[in-house]
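Beneath this line is the structure, given in structure tokens, with notes to follow.
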Amino acid sequence: MKFFRSFIGYGIAGMIVMSVWSQLGAYGIFGGFLAAIIIIGPMWYMNHYINLTGNEDDAAFVDMGLAIAVCGIMRDTFLQGGNALVSSLPTILLVSVGAVLGGITAAYIEKDMAKKKEFINENSREPGLRRTDFEKLKDAKEKILRSKQIKVFQKKR
């Protein structure tokens, strides 16, 4: 049922964008803002706020953009023939490369944010302490403890 709901929601978004956007594009930048308010806003409300498509709260998604892109490509392919699909392949390839690079970048940023969050949670008593300074203090503490253990061990002999 989730697939059917998603198919309907994305299909409606793609068809409305492909049928109305070009008429609003005649008004330039204002037409773009108008299209965002008239088309994308209600489609986002339907698909995401009401959650017609059943997106998880912690999942990333680019569903409406993908649905609109597929609808546009297929519309042009049906209207103009297979040459329209072939001529759009370089753009599709570059968009895919950009999506992969964006995903990799987002993963690195998320990983870095998790490290900073872990560092803040690990050392909340000392505000303003940089990570490198904290690591140096931690290493020094371990060396001191190791040297004390050696001395204690030597005293017992």
Side-chain angles (χ1 to χ4, degrees), residues 1-139 141:
M1 189 64 168
K2 180 182 174 185
F3 175 79
F4 181 70
R5 287 190 341 229
S6 298
F7 185 81
I8 296 296
Y10 299 147
I12 290 170
M15 287 186 285
I16 289 178
V17 166
M18 288 300 127
S19 62
V20 178
W21 197 284
S22 60
Q23 286 82 15
L24 294 173
Y27 297 106
I29 294 174
F30 177 71
F33 285 112
L34 197 59
I37 293 168
I38 293 173
I39 303 169
I40 302 301
M43 293 301 103
W44 184 91
Y45 179 79
M46 176 183 72
N47 286 330
H48 298 296
Y49 188 76
I50 294 177
N51 205 11
L52 177 67
T53 57
N55 289 313
E56 304 291 328
D57 287 338
D58 61 344
F61 45 87
V62 290
D63 48 20
M64 280 182 39
L66 181 61
I68 292 166
V70 168
C71 186
I73 291 169
M74 297 316 298
R75 180 196 66 171
D76 288 346
T77 301
F78 292 141
L79 292 175
Q80 300 172 6
N83 291 335
L85 178 64
V86 172
S87 67
S88 66
L89 288 178
T91 303
I92 294 170
L93 179 67
L94 290 175
V95 168
S96 299
V97 169
V100 168
L101 292 175
I104 291 169
T105 304
Y108 280 125
I109 290 171
E110 188 173 296
K111 189 176 179 181
D112 184 59
M113 289 171 64
K115 282 181 185 176
K116 288 181 181 179
K117 186 176 181 181
E118 179 182 309
F119 176 72
I120 289 170
N121 290 340
E122 189 177 284
N123 191 24
S124 60
R125 290 179 287 164
E126 300 180 34
L129 185 64
R130 292 184 302 199
R131 178 177 302 219
T132 54
D133 295 338
F134 179 74
E135 305 259 337
K136 288 177 186 175
L137 286 174
K138 191 175 175 183
D139 291 341
K141 180 181 174 184

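Remark: Ile40 CD1 to Phe33 CZ distance equals 13.5 Å, nearest 0.5 Å. Residue Phe3 holds its CZ atom at 10.0 Å from CD1 of Ile8, rounded to the nearest 0.5 Å. The CD1 atom of Ile12 lies 6.5 Å from the CE atom of Met43; values are rounded to the nearest 0.5 Å. We find the CE-OG1 distance between Met64 and Thr53 to be 9.5 Å, quoted to the nearest 0.5 Å. Between the CD1 atom of Ile68 and the OH atom of Tyr10 there is a distance of 11.0 Å, given to the nearest 0.5 Å.
For the salt bridge (Lys or Arg N to Asp or Glu O under 4.0 Å) test, residues two or more places apart in sequence or in another chain that qualify with Asp112 are Lys116. For Leu52, the side chain to side chain contact (heavy atoms under 4.5 Å, CB included) partners at least two apart in sequence or on another chain are Arg5, Met46, Asn47. Residues passing the ring-ring contact (aromatic ring centres under 6.0 Å, His included) test with Tyr45, sequence neighbours excluded: Tyr49. Taking the side-chain hydrogen bond (donor to acceptor under 3.5 Å, both in side chains) definition, one finds that Ser6 meets it with nothing, sequence neighbours left out.
Contact record, Cys71 with Met15: SG-N, 3.7 Å, taken as the closest heavy-atom pair.
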Please report, to 0.1 Å, the donor-acceptor pairs under 3.5 Å made by any side chain of residues 86-99, with sequence neighbours excluded.
{"from": "Ser87", "atom 1": "OG", "to": "Asn83", "atom 2": "O", "distance (Å)": "3.1"}
{"from": "Ser87", "atom 1": "OG", "to": "Ala84", "atom 2": "O", "distance (Å)": "3.0"}
{"from": "Ser88", "atom 1": "OG", "to": "Ala84", "atom 2": "O", "distance (Å)": "3.4"}
{"from": "Ser88", "atom 1": "OG", "to": "Leu85", "atom 2": "O", "distance (Å)": "2.8"}
{"from": "Ser96", "atom 1": "OG", "to": "Ile92", "atom 2": "O", "distance (Å)": "2.9"}

Enumerate donor-acceptor pairs with a distance under 3.5 Å from any side-chain N or O in residues 22-29 to protein atoms, sequence neighbours excluded.
none

### Query
Passes side-chain contact (heavy atoms from CB on, under 4.5 Å), Leu34 versus Ile39? Steps please.
CA-CA 8 Å; Leu34 197 59; Ile39 303 169; over 6 Å; no
